[in-house]
Protein chains: 2
Amino acid sequence: MQLNPHVSVDCVIFGFDGMNLKVLLIDRNMGLPPKLQKAPKSLKLPGSMVYDDEDIDTAAVRVLKELTGLENIYLQQFHVFGSPDRLKNKADLKWLQSTTKMKINRVVTIAYYSLIKLHKSLPCEGKVLWNDVLNLPNLAFDHKEIIQKGLDVLRRELHNEPIAFELLPKKFTIRQLHILYEIILDTNLDSRNFRKSINKWGYLVALNEKEKNVAHKPAQYFKFDKRIYHQKQQEYID
Amino acid sequence: MQLNPHVSVDCVIFGFDGMNLKVLLIDRNMGLPPKLQKAPKSLKLPGSMVYDDEDIDTAAVRVLKELTGLENIYLQQFHVFGSPDRLKNKADLKWLQSTTKMKINRVVTIAYYSLIKLHKSLPCEGKVLWNDVLNLPNLAFDHKEIIQKGLDVLRRELHNEPIAFELLPKKFTIRQLHILYEIILDTNLDSRNFRKSINKWGYLVALNEKEKNVAHKPAQYFKFDKRIYHQKQQEYID
DNA sequence: TCAAAAGTGTTTATCTTACACCCATGG
DNA sequence: CCATGGGTGTAAGATAAACACTTTTGA
């Protein structure tokens with residue numbers, strides 16, 4: 001009886017390309033000499049063992065920082081996956097042991113979800129795969145299940161927290177927001193009613209700027225005003 | 001660098017005595033010879049290390065079973081507490097090492113909350129302390145913080161899941177339910193409107209039984225009908 | 001002038017909230 | 001007969017849902 005599994009964090013990093021909700025996957029073959037690469041891709045979520053004396057939240061922040069160069073991005077712990085047979089796939093176990101150089105029997109992983117604004121300029125561009133969340137390939141470990149649960153949580157939280165803006169550029173049109181909501185919630189929303197609810201929120205403010213070079217009436221840009229949001233939250237509590 | 005903290009589960013077990021929301025605490029002095037007992041009580045949440053080859057949910061179920069004799073009770077993972085300085089209190093660390101007989105530097109704990117029906121006949125009665133959640137004494141480790149977070153989650157989930165009934169006897173009056181809601185949500189609810197919302201739920205059914213020997217108009221007993229509840233959930237999805 | 005998306009109001013049904021009195025029972 | 005909680009209805013305001021047309025732009 002040894003009673004101490006290893007503990008890791010895994011990050012489900014969501015991104016939105018304007019059309020679809022994406023999740024960031026990394027390929028374990030990447031960086032290996034070509035002859036060692038497996039024929040099929042070997043995809044997984046970004047993650048890491050939690051270091052000694054490192055808080056678990058800090059470990060998740062570190063994973064994101066190392067991968068994307070970004071700090072201060074939205075990150076939430078959402079579930080622990082600790083089934084003893086998470087490592088039942090021999091290839092997964094072998095990879096873990098060879099990359100960590102440790103004898104590992106069991107890993108309990110703490111899953112985080114994260115929301116980032118997609119840019120071509122992210123330092124990870126080209127080194128990672130942004131895969132459609134609705135059409136996932138086979139993944140290592142139980143990572144498919146982790147993504148599914150993360151998506152469920154994202155869907156629920158969308159009603160409670162102003163998180164959609166984490167996935168959009170700083171300035172965005174109502175249409176972009178509308179599409180994002182429809183995709184995350186997998187439903188159709190009436191656009192007049194959608195605009196009405198935005199007005200009721202009160203924390204989206206119109207910028208002095210419109211779309212340019214579009215073959216239709218140009219749309220107003222908006223931004224999310226954190227100050228107004230927090231102010232209204234406070235009023236609600238009182 | 002060893003990279004493997006120990007992993008435990010801790011259970012925040014809520015109970016309702018008709019007046020207040022309680023949480024189950026155990027005393028680490030219990031069972032020790034009197035001369036070894038610390039002068040102040042040494043209270044903590046029930047918990048356990050996760051055994052090798054044991055799923056974490058299973059570990060939480062085991063803790064509950066061992067303590068209360070009950071199975072099939074409501075249990076939900078809600079947060080991981082993994083700060084490296086959870087064991088900064090020397091007395092806590094010493095206790096851990098002496099009860100587990102292991103050299104332990106760090107414990108990452110997965111917190112569950114659980115809802116049970118209080119009975120005088122629970123096998124743990126007398127061996128544990130049911131403490132008011134709103135007036136907690138000092139507790140070992142970060143257990144006070146864990147309970148606080150558990151209460152927050154309970155409050156939120158009360159709106160989403162039919163969990164109040166897990167805290168009440170199988171048959172209960174509207175008044176009991178009403179008081180429970182007021183206590184969990186820490187607010188006053190209008191009783192006519194409260195009854196109206198119950199009618200709208202549709203899954204509370206009146207039994208052919210009323211209170212007896214009460215010095216007022218006897219109240220109707222109700223039960224929670226799981227079948228109707230699931231049926232309505234299903235209709236909602238379609 | 002056409003295609004494409006932007007933007008705008010009204011009506012109806014539903015839900016929420018506030019509010020006051022009589023009833024049944026045991027002591 | 002009194003104290004205690006049980007149980008009931010209504011009106012006003014807020015919210016949610018359905019629904020169609022005009023505007024601005026680039027091609």
message: Would you say that more than 12 heavy atoms from the other residues, nucleotides or ligands in this model lie under 6.0 Å from the CG of A:Asn160, or not?
response: yes
- request: Tell me, yes or no, whether the heavy-atom count around B:Lys144 atom NZ, taken from other residues, nucleotides or ligands under 6.0 Å, exceeds 12.
  value: yes
Residue pair B:Glu182 / B:His178, side-chain donor-acceptor N/O under 3.5 Å: yes
- prompt: Do B:Lys196 and B:Asn199 meet the criterion of a side-chain donor-acceptor pair at a distance under 3.5 Å?
  reply: no
Expressed in angstrom and rounded to an integer, what is the separation of [X] atom [atom1] from [N] atom [atom2]?
X	N	atom1	atom2	result
A:Trp201	D:dT15	CH2	P	15 Å
B:His216	D:dG6	NE2	C1'	8 Å
A:Asn199	C:dG9	CG	P	10 Å
A:Glu211	C:dA6	CD	P	7 Å
A:Lys212	D:dT24	NZ	C1'	16 Å
A:Lys210	D:dG26	NZ	P	12 Å

statement: Checking A:Phe222, A:Phe224, A:Phe165 against A:Phe172 for ring-ring contact (aromatic ring centres under 6.0 Å, His included), the one that qualifies is A:Phe165
- request: Look at the rings of A:His79 and A:Phe81 and say which category their plane angle falls in: under 30° parallel, 30 to 60° tilted, over 60° perpendicular.
  value: perpendicular
Using the 3.5 Å cut-off, write out each protein N or O paired with an N or O of nucleotides 14-16 of chain C and the distance between them.
from   : atom 1 : to       : atom 2 : distance (Å)
C:dT16 : OP2    : B:Lys200 : NZ     : 2.5

message: With side-chain contact (heavy atoms from CB on, under 4.5 Å) as the criterion, how do B:Leu185 and B:Leu158 come out once you've worked through the C-alpha distance, each side chain's angles and the decisive distance to 0.1 Å?
response: CA-CA 9 Å; B:Leu185 301 177; B:Leu158 191 62; 3.7 Å; yes
message: Heavy atoms from C-beta onward define the side chain here; which of C:dT25, C:dG26, D:dT23 lies closest to that of A:Lys217?
response: D:dT23
message: Does any part of the side chain of B:Val12, heavy atoms only, come nearer than 4.5 Å to the side chain of B:Phe78, both counted from C-beta?
response: yes
message: Heavy atoms only, 4.0 Å cut-off, all strands: where does B:Gln220 land among base, sugar-phosphate and nothing?
response: sugar-phosphate
- request: Using a cut-off of strictly less than 4.0 Å between a heavy atom of the residue and any atom of DNA chain D, enumerate the qualifying residues of residues 170-195 of chain B by number.
  value: B:Arg175, B:Arg192, B:Arg195
message: Tell me every residue that passes salt bridge (Lys or Arg N to Asp or Glu O under 4.0 Å) with B:Asp132, counting only those two or more places apart in sequence or in another chain.
response: B:Lys22
